[in-house]
There are 2 protein chains.
Amino acid sequence: MSSEPIAAEVLAVIVALVNGEPCVLSLPDAPRLPAGPVLPGHRSLQTAVRAWVEEQTGLSVGYLEQLYTFADRDRDGSGTRTISVSYLGLVRGLTPRAGRWRGWYELFPWEDRRGSDDSGATLVPALKAWAGEAAVRTRRQRCAITFGLDGRPWQPDLALQRYEVLYEAGLVPESPVSSSRSAAQAGTRMDGDHRRVLATGVARLRAKIQYRPVVFELMPAQFTLGQLQACVEALAGQPVHTQNFRRLVEQQHLVEPTGEHAGTGGRPARLYRFRREVLAERQVAGTKLPSVRAR
Amino acid sequence: MSSEPIAAEVLAVIVALVNGEPCVLSLPDAPRLPAGPVLPGHRSLQTAVRAWVEEQTGLSVGYLEQLYTFADRDRDGSGTRTISVSYLGLVRGLTPRAGRWRGWYELFPWEDRRGSDDSGATLVPALKAWAGEAAVRTRRQRCAITFGLDGRPWQPDLALQRYEVLYEAGLVPESPVSSSRSAAQAGTRMDGDHRRVLATGVARLRAKIQYRPVVFELMPAQFTLGQLQACVEALAGQPVHTQNFRRLVEQQHLVEPTGEHAGTGGRPARLYRFRREVLAERQVAGTKLPSVRAR
DNA sequence: GTAATAGTGTCTTTCAGACAGTATGAC
DNA sequence: GTCATACTGTCTGAAAGACACTATTAC
């Protein structure tokens with residue numbers, strides 16, 4: 001199998017809550033994700049990720065899952081092809097030795113829909129202009145679906161598709177379609193295609209919290225239901241219906257009270273801890289096929 | 001970035017229905033998935049997969065998505081590390097020039113729960129024996145969850161986890177835990193870890209049909225609802241409630257009648273075609289977070 | 001006629017979404 | 001007392017699951 005010269009690297013999207021805001025770990029000096037080549041000493045790709053993140057930022061990662069593998073030719077401009085295997089990691093908010101946390105919503109301002117609804121104020125008109133250019137109906141429809149226009153619902157986990165639309169429309173600075181359009185809302189950029197990789201991670205995490213109890217990887221040992229909800233809202237970038245959220249959490253037996261309480265300004269809130277048992281049980285979660293017991 | 005010598009290859013899990021049975025494409029002579037090194041000529045990994053599958057089996061793949069990247073050291077015993085990027089592809093049942101279709105359920109007999117319920121007859125006792133060996137409760141629980149014991153539901157998309165359990169229990173021939181256990185039910189093996197990769201593909205496809213209309217990539221241009229249901233049942237390895245299935249399909253506007261009919265032994269069935277429009281629309285599908293319109 | 005597959009109508013249970021109201025702290 | 005947050009109870013409408021029945025072919 002004599003192939004071309006190939007380099008293999010791992011790329012890490014490490015997420016934590018810093019003061020309640022979802023952040024991604026970057027190198028201290030540049031807006032880059034931690035990354036490094038796969039070395040003979042690494043037993044597996046996971047090992048490689050953990051090693052490089054630790055070396056570059058002093059942080060030891062807990063939860064880690066594979067995200068996606070990128071390998072387009074000349075991704076980095078060098079002659080050889082680089083295969084980048086990206087990983088999504090979650091840590092409980094700590095301060096890394098040498099890394100720097102960058103807020104999701106400084107990088108993707110349009111992804112935060114928790115606050116007042118002027119979110120799309122400058123972006124949406126620019127999008128509509130772009131969609132109107134081509135007489136193609138599909139471009140218009142694509143904007144509508146990804147950004148929830150024309151009465152469609154906003155879907156948090158379409159973060160990657162939204163980034164791709166903005167990229168194609170020339171509304172983010174790194175886009176090759178150098179545009180005359182106002183890119184006011186387009187957020188901070190990162191090196192190379194790291195912002196795209198991050199968007200992949202955001203999308204994956206938003207999708208995953210809907211059917212796996214991964215949120216708890218970001219929470220401290222004890223927390224109130226209010227804090228848990230705030231965490232979910234921060235990740236989803238969307239407010240959540242309080243009462244229904246509580247019902248959902250309780251009836252799935254995801255947490256148990258510790259007996260202690262926390263004063264948070266109003267009535268003291270019960271403190272809860274995550275029931276680790278459900279990690280084993282919780283392979284459950286709904287299938288949608290109308291299955292049948294017996295024929 | 002001077003790293004170690006690395007080889008990059010792509011690995012294809014190509015699925016089609018052959019006489020209504022889900023099959024995977026293998027090389028004609030050996031039970032191996034189509035694979036090949038990434039060459040300088042390949043623009044992307046997808047391109048590489050399409051090229052190698054076409055070269056080795058004469059089949060041109062339609063739908064293709066990335067599955068997982070494997071890169072444990074010495075996966076194939078050679079000195080250099082091989083990074084294998086696996087892909088899942090779907091084709092409408094055609095006869096490949098040089099490939100060979102192998103039935104899912106010859107490879108994974110325990111995954112077919114459509115027929116009479118003696119499926120686990122020989123496997124379950126062996127599993128229970130293994131789970132009973134260690135006093136560890138978790139091993140027992142793991143079997144129960146993956147294989148739906150102790151009154152738990154059978155979950156089709158846990159195919160990979162089930163394979164892993166059998167592997168660890170020494171109940172598949174390729175397991176290093178060479179066992180004295182009866183491996184009667186353990187199915188045909190494949191080269192290397194290809195059976196594990198296939199299990200990953202099976203699991204992914206079973207999960208995906210629940211929230212994306214990918215089934216239609218396996219169906220001919222026209223089909224009856226009965227055929228569609230049989231296809232879903234074949235993939236899921238489980239019978240499906242007929243009336244509810246029809247309601248689901250119709251109310252989601254996934255198909256439209258062509259006006260023609262097909263005689264299938266009983267009352268002639270209406271023929272339908274897939275509504276391609278939904279591929280754009282169908283980003284929809286349920287989020288489970290109790291979102292809220294306005295605060 | 002029977003057997004076999006196709007297709008319709010409806011009932012019940014479950015659950016997501018929404019609203020109203022009570023509880024307990026700080027000030 | 002007011003304000004703010006925490007927590008509980010209940011209504012409603014939309015689906016999922018299940019059942020009974022009718023329709024149209026081959027034999």
Side-chain angles (χ1 to χ4, degrees), chain A residues 20 114 153-156 209-211 222-233 236 238-273 284-295, chain B residues 20 114 153-156 209-211 222-233 236 238-273 284-295:
Chain A
R114 289 171 296 173
W154 172 270
Q155 299 183 85
I209 52 172
Q210 292 175 44
Y211 60 95
Q222 292 192 108
F223 48 85
T224 69
L225 291 184
Q227 290 167 345
L228 184 62
Q229 178 178 349
C231 173
V232 170
E233 288 179 328
Q238 220 186 17
V240 153
H241 188 116
T242 306
Q243 297 92 323
N244 292 340
F245 176 77
R246 301 174 89 95
R247 178 174 55 192
L248 209 78
V249 169
E250 304 219 321
Q251 83 185 9
Q252 296 197 142
H253 306 109
L254 291 173
V255 297
E256 61 192 3
T258 66
E260 296 181 65
H261 293 260
T264 50
R267 169 176 172 177
R270 259 194 275 250
L271 283 168
Y272 292 83
R273 81 172 65 93
V284 198
T287 163
K288 252 188 226 151
L289 288 177
S291 58
V292 84
R293 307 271 171 267
R295 249 213 285 231
Chain B
R114 289 172 296 173
W154 172 269
Q155 299 182 84
I209 52 171
Q210 292 175 45
Y211 60 94
Q222 292 192 108
F223 48 84
T224 69
L225 291 183
Q227 289 166 345
L228 184 62
Q229 179 179 348
C231 173
V232 170
E233 289 179 327
Q238 220 186 16
V240 154
H241 188 115
T242 306
Q243 297 90 326
N244 293 340
F245 176 78
R246 302 174 89 95
R247 178 173 57 191
L248 209 77
V249 169
E250 304 218 323
Q251 84 185 9
Q252 295 196 143
H253 306 108
L254 291 173
V255 298
E256 61 192 2
T258 65
E260 296 181 66
H261 293 260
T264 50
R267 169 176 172 178
R270 259 195 275 250
L271 282 168
Y272 292 83
R273 80 172 65 93
V284 198
T287 161
K288 249 188 228 151
L289 289 177
S291 58
V292 83
R293 308 270 170 266
R295 254 218 279 237

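Numbered from 1 within each chain, the chains take letters A, B, ... in sequence-line order.
Taking atom CZ of B:R246 as the reference point, atom P of C:dA6 lies 7 Å away to the nearest angstrom. For B:R267 and D:dT22, the CZ to P distance is 13 Å, given to the nearest whole Å. The distance from atom CG of A:L271 to atom P of C:dG25 is 14 Å, rounded to the nearest whole Å. A:H261 has its NE2 atom 16 Å from the P atom of C:dA23, to the nearest Å. Remark: P of C:dA6 and CZ of B:F245 are 12 Å apart, rounded to the nearest angstrom. Atom C1' of nucleotide C:dG9 and atom CD of B:E250 are separated by 13 Å, given to the nearest angstrom. Distance CG (A:L228) to C1' (D:dA6): 14 Å, rounded to an integer number of Å. The nearest whole Å value for the distance from the CD atom in B:Q227 to the C1' atom in C:dT5 is 12 Å.
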* To do: Evaluate side-chain contact (heavy atoms from CB on, under 4.5 Å) for B:Q238 paired with B:E233, printing each intermediate quantity in order.
  => CA-CA 5 Å; B:Q238 220 186 16; B:E233 289 179 327; over 6 Å; no
* Asked: Can you list the steps and then say if B:F245 with B:E250 is a side-chain contact (heavy atoms from CB on, under 4.5 Å)?
  -> CA-CA 9 Å; B:F245 176 78; B:E250 304 218 323; over 6 Å; no
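A 4.5 Å side-chain heavy-atom check between B:L225 and B:R270 finds every atom pair outside the cut-off.
Counting only heavy atoms from C-beta on, B:H241 has its side chain closest to D:dA18 among D:dT8, C:dT8, D:dA18. The side chain of B:L248 sits closest to D:dA16 out of C:dT8, D:dG9, D:dA16. Among C:dG7, D:dA18, D:dC7, the nucleotide with an atom closest to any side-chain atom of B:A269 is C:dG7. Considering only side-chain atoms of A:N244, the nucleotide from C:dA18, C:dA20, C:dG25 that sits closest is C:dA18.
A donor-acceptor pair shorter than 3.5 Å cannot be found between the side chains of B:Q251 and B:H253.
Scanning all heavy atoms of the two residues, the minimum distance from B:V240 to B:Q229 falls at O-NE2, 3.1 Å.
Within the 4.0 Å cut-off from OP1 or OP2 of C:dT5, not a single side-chain nitrogen or oxygen of B:R270 is found.
With the nearest nucleotide of DNA chain D identified for both A:P268 and B:P268, A:P268 has the one nearer the 5' end. Comparing A:G266 and B:G226 along DNA chain C, the residue whose closest nucleotide (by nearest heavy atom) sits nearer the 5' end is B:G226.
Using a 4.0 Å heavy-atom cutoff across all strands shown, A:Q243 reaches at least one base atom of the nucleic acid.
Side-chain atoms of A:R247 stay outside donor-acceptor range of the base of D:dG9, with no qualifying N/O pair under 3.5 Å.
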